[in-house]
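Presented below is the structure to which this report refers.
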Amino acid sequence: MSKQTLVMKFGGTSVGSADALRNVTQIIRDAKKDWKRIVVVTSAMSGVTNLLLDSAALATQGKVDSLPAAESTLREKHFSAADKLIKNENLREEAKAEINTLILSLVDLCKAIAVLGEASPRAMDAVASLGERMSVHLLAAVVNDAGIQAKGIESTEFVVTNAHFQNAHPDFKATAEKTKQLLNPLMDKGIIPITTGFIGATPDGAITTLGRGGSDYSAAIIGSVLPANDVWIWTDVDGIMTTDPRIVKEAKTLSEITYSEIAELAYYGAKVLHPKTIRPVIDAGIGLRICNTFNPAHPGTRLIANIPSDSKPRDGQVVKAVTAIRNQRLVTIEGRGMLGVPGVAARAFGAVASTKTSVPLITQASSEQSICFAVPAESAASVLSALQAVFASEIEDEDIDRVWMTEDVSIITVVGVGMSHTPGVAGQVFSKLGDSKANVLAIAQGSSEVSISMVVAAADTELAVKSLHELIVQ
Ligand code: ADP
Ligand code: ASP
Ligand code: MG
């Protein structure tokens, strides 16, 4: 046993059924042979976080009729796995009782929300946290029952965050102190801490979440503060693939990918890894691997250090992967009077920032007569009114002719180190898109020089991804 510390995170599908949990137990057992110290981070069972948030959203409209159905779905999901896997009656009944208490607190929270007629971000986090809290009880009992010493522990006890509910930011220093204090003594005794992904708590104990899909980030945070040698993200596909296999079934696993490539992919919609996961792992110099709970023998994808963007493609393949973010709108500010007016862009993005919207893509024509950028569709209306307000006098003076937005669009991004230094890649990308008849509404090249993004109408998303993927896999 040469290796030191490993953090393994299991996603929703990986802990989503009795069969999946059996695989997880075996994976932990195998890892124990090679690693001295292991921490396990678990997501909520698949579908659970959505169910919890939907229940809370209905409660804000005073609707609590579907609560009994939600309760029984949650019981059935967790209890049936517990009944199938936990032979020791005490362990089983204890885990079920803990889970039941959490289900009852969902009911209480939703009833309170229904009375108030609204849910604060803080209340939404209290609801959303229940999924991971339930699964940690289940998984810890399952693993213990299989004869592996483990202890369930909620990450609210050691992941300290600010009070930015629903998208909280960790305080790495405070988290490091508490994490070591709580997890090291367990690991020193050979006990595997099994903890909740996705959630943390403010210094005064209010539960926060790190944003949807944030369990990957939890694993990176914990890995970086311990520090671990490796973080392994166990999911339901064979690693990072050339594109989302749900869109293109020919998608292939990439055996390795650089940090900057995965950063672009994750940022531009590849759900397989939460974009915030990468930074703590790079900063702490930790190895990251993405692998498949349902095919553990497959090596998956390894992240490798960045290589200069002018280096030769590692395997003759310049374009490595294609990804898409759906449900965006393109907002355009245009007017001949904008030419040379200082500060238009600053005021525009100030107005966007005031709505707390982030902008995934910006393009500006060199004529300076228009600025065009993407925002998530759900924020588009508030962005548009903020822009109209901030430019009210320019609109009146007709220096700005109009501020308008498209229907739903998607951002399609191709990623690969060396793209910007390899002549002809952009040409291939656009001719592929041209052949596919997908209409390109805007283009941007990532500043990191490892990506090119194109905006297409929502209806052209699959067409665009499929045709660009042909540049990678014929
Ligand atoms: P988990 O619950 O394990 O966190 P997610 O559903 O969040 O899993 O992410 C895994 C999913 O990401 C895959 O099932 C796949 O459909 C999707 N995905 C999107 N883009 C990619 C990609 N480039 N490579 C692999 N999977 C991708
Ligand atoms: N359960 C959370 C979500 O569905 C976090 C995660 O799975 O990563 O968003
Ligand atoms: Mg995920």
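Index from 1, following the sequence. Just so you know, ligand 1 is whichever comes first in the structure, and atom 1 is the first atom listed for that ligand.
Among all non-hydrogen protein atoms, the one lying nearest atom 27 (C) of ligand 1 is Val272 CB, 3.7 Å. Protein heavy atom in closest approach to atom 6 (O) of ligand 1: Lys271 NZ, 3.1 Å. Of all protein heavy atoms, the one lying nearest to atom 15 (C) of ligand 1 is Asp244 OD1, 3.4 Å.
Every atom of ligand 1 is numbered from 1 in the order shown, and the set under 4.0 Å from a heavy atom of Met241 is 22 (C), 23 (N), 24 (N), 25 (C). Shown in contact with Thr235 at under 4.0 Å from a heavy atom are these atoms of ligand 1, numbered in order with element: 1 (P), 3 (O), 8 (O), 10 (C). Distances below 4.0 Å separate heavy atoms of Gly239 from the following atoms of ligand 1: 24 (N), 25 (C). Applying the 4.0 Å criterion to heavy atoms of Ala270 picks out, from ligand 1, the atoms 20 (N).
Taking distance alone, with nitrogen or oxygen atoms compared against 3.5 Å, Asp216 stays at or beyond that limit from ligand 1.
Contacts between Thr243 and ligand 1 below 4.0 angstrom, taking non-hydrogen atoms only, involve the backbone exclusively. Only side-chain heavy atoms of Lys9 come within less than 4.0 Å of ligand 1; its backbone N, CA, C and O stay farther off. Contacts of Val237 with ligand 1, taken as heavy-atom pairs under 4.0 Å, involve the side chain alone.
Classification of the His274-Tyr217 ring pair by plane angle, with boundaries at 30° and 60°, yields parallel.
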Short N or O contacts of ligand 2 with protein, under 3.5 Å, listed by atom name?
residue  : atom  : partner : partner atom : Å
ligand 2 : 1 (N) : Thr49   : OG1          : 2.8
ligand 2 : 1 (N) : Glu132  : OE2          : 2.6
ligand 2 : 4 (O) : Thr49   : OG1          : 3.4
ligand 2 : 4 (O) : Arg212  : NH2          : 2.9
ligand 2 : 7 (O) : Ser43   : OG           : 3.3
ligand 2 : 8 (O) : Gly213  : O            : 3.4
ligand 2 : 8 (O) : Gly214  : N            : 3.4
ligand 2 : 8 (O) : Ser215  : N            : 3.0
ligand 2 : 8 (O) : Ser215  : OG           : 3.2
ligand 2 : 9 (O) : Arg212  : NE           : 2.6
ligand 2 : 9 (O) : Arg212  : NH2          : 3.4
ligand 2 : 9 (O) : Gly213  : N            : 2.8

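Distances shorter than 4.0 angstrom occur between a heavy atom of Asp236 and an atom of ligand 1.
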